[in-house]
Amino acid sequence: ARSVLEPYWDVENQIWGQMSPGLKQIADQIDGLDPTQSKQMLFQYPQIVWARKQIALYRKYLKATNPEIAQSLNMFYRY
């Protein structure tokens with residue numbers, strides 16, 4: 001299952017790799033904030049919102065087009 005899901009999990013690294021190096025760190029910091037602060041910070045960094053959306057869209061695409069990925073996610077993570 002690990003090798004089957006590798007492309008699914010690598011999506012995040014691929015997308016963040018295309019962005020400015022510090023944005024991933026800022027995104028991680030935003031995750032630790034309360035919802036109000038998080039929303040304010042994300043408003044200041046639309047690139048983070050874009051990156052997260054791209055990650056979600058591509059992962060959804062992989063699930064839809066690769067039955068092995070969909071099955072493994074369902075079996076191990078109930079996604």
Side-chain angles (χ1 to χ4, degrees):
R2 177 176 247 160
S3 61
V4 169
L5 291 175
E6 197 170 313
Y8 182 85
W9 298 122
D10 281 348
V11 167
E12 189 170 351
N13 292 333
Q14 291 172 5
I15 300 293
W16 286 116
Q18 297 170 15
M19 310 295 286
S20 299
L23 280 177
K24 174 68 169 121
Q25 285 182 308
I26 294 168
D28 290 341
Q29 290 172 355
I30 289 172
D31 289 340
L33 299 174
D34 69 70
T36 304
Q37 288 178 312
S38 176
K39 191 173 182 177
Q40 290 171 346
M41 290 292 290
L42 287 172
F43 188 73
Q44 293 175 7
Y45 293 97
Q47 316 91 304
I48 292 173
V49 176
W50 180 87
R52 289 178 174 177
K53 186 169 189 136
Q54 293 304 308
I55 292 164
L57 287 172
Y58 196 60
R59 283 182 171 170
K60 187 174 183 177
Y61 168 78
L62 285 174
K63 257 178 72 173
T65 59
N66 189 323
E68 281 185 291
I69 287 177
Q71 183 180 12
S72 293
L73 285 169
N74 190 37
M75 185 183 305
F76 297 107
Y77 300 100
R78 298 281 184 223
Y79 276 55

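Residue indices begin at 1 and follow the sequence shown.
- One distance of note links CE of Met41 with CD1 of Ile30; it measures 4.5 Å at 0.5 Å rounding.
- Leu73 contributes atom CG, which lies 5.0 Å from atom CG of Leu5 (distance to the nearest 0.5 angstrom).
- Following chains of ILVMFWY side-chain contacts shorter than 4.5 Å, one can reach Tyr77 starting from Leu62, so the two form part of one hydrophobic cluster.
- Side-chain heavy atoms closer than 4.5 Å link hydrophobic residues (I, L, V, M, F, W, Y) into clusters, and following such links, even through other members, never connects Leu57 to Val49.
- Listed by chain and residue number, Tyr58 satisfy the ring-ring contact (aromatic ring centres under 6.0 Å, His included) test with Tyr61 (two or more places apart in sequence, or in another chain).
- With sequence neighbours left out, the side-chain hydrogen bond (donor to acceptor under 3.5 Å, both in side chains) criterion links Asp34 to no other residue.
- With rounding to the nearest 0.5 Å, the separation of CG in Asn74 from NZ in Lys63 is 8.0 Å.
- Between Trp9 and Phe76, a ring centre-to-centre spacing not shorter than 6.0 Å is recorded.
- Not counting sequence neighbours, the partners of Val4 by the side chain to side chain contact (heavy atoms under 4.5 Å, CB included) test are Glu68, Ile69, Ser72.
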### Query
Given Asn66 and Tyr8, is the side-chain contact (heavy atoms from CB on, under 4.5 Å) satisfied, shown in steps?
CA-CA 10 Å; Asn66 189 323; Tyr8 182 85; over 6 Å; no
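- Scanning for side chain to side chain contact (heavy atoms under 4.5 Å, CB included) contacts around Asn13 gives Asp10, with sequence neighbours left out.
- Counting only residues at least two apart or in different chains, ring pair (Phe, Tyr, Trp, His ring centres under 6.0 Å) contacts with residues 23-42 are absent.
- Applying the side-chain hydrogen bond (donor to acceptor under 3.5 Å, both in side chains) definition to pairs two or more places apart or across chains, none involves residues 36-46.
- Applying the side-chain hydrogen bond (donor to acceptor under 3.5 Å, both in side chains) test to pairs two or more places apart or on separate chains, those with a residue in residues 19-32 are Glu12-Lys24, Lys24-Asp28, Asp31-Arg52.
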